[in-house]
Amino acid sequence: MAQAFQSLSAWQVMFAGLLFFGGIYLLFGAATWLLTRHVLPALGIGRVLDPRPLAPGQLRRELAQSGISVLIFGLGMVFPWGLLQLGWAHLDPDAGAGRIALEILVLVAWNDVHFWVNHRLLHTRLLRRFHLPHHRSVVTTPFSTYSFHPIEALMLGNVILLPMMLHDFSFWSLFSVPLFSLFFNCVGHANYDFFPGVSYAHWFAASRRHHLHHACYHGNYGFQFTFMDRLFGTRLQADAAAAQLGAARQRDALGRRA
């Protein structure tokens, strides 16, 4: 597979990238929507985190912004391909299953570090205007995952370039990055607590933590894990959005009685 990827032309790489990122975005988004809006509630598993309604036109806006991100991510596949063509990076065609598994674990950790750093920068005065389009989704959906300003998409989409220049990864290890990244992103933006019984600090409580990030705007800049927020003191308390959600529930109750 590594040799086949390197033998493609630049146009073929970009076209394949568009199909790949567009396909996984729609597949993962639709599957998460179906699970959290229909299947899991019907089975009595988990709970909705933010009961407030979506903003008018939110899904249409998220899909439109995500289309631009898919375009950037897909066309951007030419950059890792270009590193290989220039000889600045190489793929290991002989990596065994154990090494691939270890590489994926390293890339999962790196993905969290890369995301925290870029996400924190996007919350600075200099760059926050490029992050505000994503935060228009106060109540998130699985389709919020790629709903970025183009600058944010460029910042988050370069995650594999530095690792490629430092180590000869397997093709399959690098291929896993957009898959686990989008999966974790869909979970984080699902507005659904899949495991209400686990603690707020648990890996499986990532949707709770990212829900709070959107509800409060600042804090919880990490991706799936908490180690970067713990290290830099940016983790929100579990009840950080209690005032906003409590006020929303009161308004809803008053509306039903009216």
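It should be emphasised that the depicted structure is a prediction, and the values quoted were computed from it without experimental measurement.
His123 and His213 have perpendicular rings, their planes meeting at more than 60° on a 0 to 90° scale where under 30° would count as parallel.
The shortest heavy-atom contact between Ser176 and Ile104 is OG-CG1, 3.5 Å. When all heavy atoms of Gly46 and Pro196 are compared, the closest pair comes out as CA-CG, 3.8 Å. Residues Cys216 and Leu236 come closest through the heavy atom pair CB-CD1, 4.2 Å. Residues Pro133 and His149 come closest through the heavy atom pair CG-CB, 4.0 Å. Taking both residues in full, the closest heavy atoms of Pro150 and Ile68 are given as CG-CG2, 3.9 Å, listed atom of the first, atom of the second, then distance.
A donor-acceptor contact shorter than 3.5 Å is absent between the side chain of His211 and the backbone of Asn191. Proximity of a side-chain donor or acceptor of Gln85 to a complementary backbone N or O of Gln6 within less than 3.5 Å is detected. No side-chain donor-acceptor contact under 3.5 Å links Thr36 to the backbone of Tyr192.
Interatomic distance, Ser7 OG to Trp81 CH2, rounded to the nearest 0.5 Å: 10.0 Å. Taking CE from Met14 and CG from Leu8, the interatomic distance works out to 11.5 Å, rounded to the nearest 0.5 Å. Taken to the nearest 0.5 Å, the CG atom of Leu40 stands 9.0 Å off from the CG atom of Leu34. Rounding to the nearest 0.5 angstrom, the gap separating the CH2 atom in Trp33 from the SG atom in Cys186 is 12.0 Å. Of the inter-residue distances, the one linking Leu107 atom CG with Leu174 atom CG reads 6.5 Å to the nearest 0.5 angstrom.
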Expected list for residues 154-170: side-chain donor-acceptor pairs under 3.5 angstrom, two or more places apart:
residue : atom : partner : partner atom : Å
Asn158  : OD1  : His114  : NE2          : 2.6
His167  : NE2  : Arg99   : NH2          : 3.3
His167  : NE2  : Glu103  : OE2          : 2.9
Ser170  : OG   : Trp172  : N            : 3.1

Residues 136-143, side-chain donor-acceptor partners within the protein, below 3.5 Å, at least two apart:
residue : atom : partner : partner atom : Å
Ser137  : OG   : Glu62   : OE2          : 2.6
Thr140  : OG1  : His189  : O            : 3.0
Thr141  : OG1  : Glu62   : OE1          : 2.6
Thr141  : OG1  : Phe143  : N            : 3.0
Thr141  : OG1  : Ser144  : N            : 3.4

Just list the side-chain donor-acceptor pairs under 3.5 Å for residues 224-233, sequence neighbours left out, or say none.
residue : atom : partner : partner atom : Å
Gln224  : NE2  : Trp203  : O            : 3.1
Thr226  : OG1  : Arg230  : NE           : 3.1
Asp229  : OD1  : Trp116  : NE1          : 3.0
Asp229  : OD1  : Tyr221  : N            : 3.0
Asp229  : OD1  : Thr234  : OG1          : 2.4
Asp229  : OD2  : Tyr221  : N            : 3.2
Asp229  : OD2  : Gly222  : N            : 2.8

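Residue Phe15 is not grouped with residue Phe21 when hydrophobic side chains (ILVMFWY) are merged at heavy-atom distances under 4.5 angstrom, including chains of intermediate members. Residues Val48 and Tyr200 do not share a hydrophobic cluster, clusters being chains of Ile/Leu/Val/Met/Phe/Trp/Tyr side chains in contact below 4.5 Å. By the rule that hydrophobic residues join a cluster once side-chain heavy atoms approach within less than 4.5 Å of another member, Ile100 and Leu179 end up as members of one cluster. Phe180 and Leu105 fall into different hydrophobic clusters, where Ile, Leu, Val, Met, Phe, Trp and Tyr residues are linked whenever their side-chain heavy atoms come under 4.5 Å apart, directly or through other members. Cluster annotation: Val106 is not connected to Phe183 through the hydrophobic network of ILVMFWY side chains, with a link wherever side-chain heavy atoms come within less than 4.5 Å.
Inter-residue side-chain proximity for Tyr217 and Arg128 is flagged as met; some heavy-atom pair is nearer than 4.5 Å. Ile72 has its side chain out of reach of Tyr146: every pair of non-hydrogen atoms, C-beta onward, lies at least 4.5 Å apart. With a 4.5 Å cut-off on side-chain heavy atoms, Asn220 and Arg235 count as touching.
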Requested in this report: Go through the steps for Leu122 and Phe148 under the test side chain to side chain contact (heavy atoms under 4.5 Å, CB included), then give the verdict.
Outcome: CA-CA 11 Å; Leu122 285 162; Phe148 303 136; over 6 Å; no
Requested in this report: Would you sort out whether Thr145 and Thr32 count as a side chain to side chain contact (heavy atoms under 4.5 Å, CB included), showing the intermediate values?
Outcome: CA-CA 11 Å; Thr145 55; Thr32 308; over 6 Å; no
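For Phe194, the CZ atom counts as densely surrounded, since its 6.0 Å shell holds more than 12 non-hydrogen atoms of other residues, nucleotides or ligands. Within 6.0 Å of atom CZ in Phe79, 12 or fewer heavy atoms from other residues, nucleotides or ligands are found, so the atom counts as exposed in its surroundings. Crowding of Phe130 atom CZ: a count of heavy atoms from other residues, nucleotides or ligands under 6.0 Å exceeding 12. Under a cut-off of 6.0 angstrom, the local environment of CD in Gln237 is sparse, with at most 12 non-hydrogen atoms contributed by other residues, nucleotides or ligands.
With sequence neighbours excluded, the residues that form a side-chain contact (heavy atoms from CB on, under 4.5 Å) with Leu43 are Val39, Ile45. Applying the ring-ring contact (aromatic ring centres under 6.0 Å, His included) criterion to Phe115, with sequence neighbours excluded, gives His119, Phe223.
Within the structure, salt bridge (charged side-chain N to carboxylate O under 4.0 Å, His left out) contacts touching residues 182-209 (residues at least two apart or in different chains) are Arg47-Asp193, Asp193-Arg208.
A distance below 6.0 Å separates the ring centres of His135 and His214.
Between Phe20 and the choices Phe5, Phe175, Phe73, Tyr25, the ring-ring contact (aromatic ring centres under 6.0 Å, His included) rule is met once, by Phe175.
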